[in-house]
Amino acid sequence: MKGPHSTALEALLVDLLGVAWLSTQHAEIQAASPAGSSLDQVAFKLKRAESSQQRLLSAVKTLATLRALVPQGLMPAHPLRLHDPNKKSG
């Protein structure tokens, strides 16, 4: 869930997590209904479901790591700016 002060990266990871969850659900439903499928097709569907689960777990881990390392609401005092070589500092 996105917080009220979520960073752009956190918002992106939350969206990725939602997509990964939907992908996992779809792959598991497909793998659970192998009626009329060959063994090769069943193996492919199971591998697809496992891959989706791995992507989901990876997204969860990445979001948890980000939230542990960057406390809620923490914003840089001076946001990064692109350096303009033509501008003289003064």
Side-chain angles (χ1 to χ4, degrees):
M1 178 182 212
K2 296 178 197 175
H5 302 289
S6 63
T7 64
L9 179 58
E10 184 178 11
L12 179 67
L13 285 171
V14 169
D15 290 344
L16 176 66
L17 190 81
V19 171
W21 182 83
L22 286 172
S23 174
T24 299
Q25 295 302 308
H26 183 264
E28 288 179 354
I29 290 168
Q30 293 296 313
S33 56
S37 299
S38 69
L39 288 179
D40 287 340
Q41 289 173 328
V42 171
F44 174 79
K45 289 177 181 181
L46 287 174
K47 185 173 182 176
R48 182 172 164 242
E50 291 170 358
S51 294
S52 293
Q53 290 169 352
Q54 288 299 319
R55 283 191 298 276
L56 177 61
L57 291 175
S58 179
V60 169
K61 181 178 178 182
T62 303
L63 181 60
T65 300
L66 176 70
R67 286 183 171 171
L69 294 176
V70 180
Q72 292 294 335
L74 182 65
M75 297 297 290
H78 302 286
L80 295 176
R81 295 183 203 127
L82 295 176
H83 175 67
D84 184 359
N86 298 324
K87 185 177 178 183
K88 295 187 180 207
S89 60

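Note that the structure is a prediction, hence the values are computed from the model and not measured.
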Short question: side chain of [X], backbone of [Y] - any donor-acceptor pair under 3.5 Å?
X   : Y   : result
S51 : K47 : yes
S52 : A27 : no
E28 : Q25 : no

Going by the side chain to side chain contact (heavy atoms under 4.5 Å, CB included) test, name the single residue among T65, L63, L57 that passes it with K61.
-> T65

Tested for side chain to side chain contact (heavy atoms under 4.5 Å, CB included) against T62, the lone hit among L16, L13, L17 is L13

Please report the closest heavy-atom contact between [X] and [Y], naming both atoms and the distance.
X   : Y   : answer
S33 : K45 : O-NZ, 3.9 Å
V14 : R67 : CG2-NH2, 3.9 Å
G36 : Q41 : O-OE1, 4.4 Å

Please test H26 against R48 for side chain to side chain contact (heavy atoms under 4.5 Å, CB included), starting from the C-alpha separation and ending with a verdict.
-> CA-CA 10 Å; H26 183 264; R48 182 172 164 242; 2.9 Å; yes

Going only through I, L, V, M, F, W and Y residues with side-chain contacts under 4.5 Å, is there a path from I29 to L22?
-> no

Looking at CD of Q53 and OG of S23, how far apart are the two atoms once the value is rounded to the nearest 0.5 Å?
-> 10.0 Å

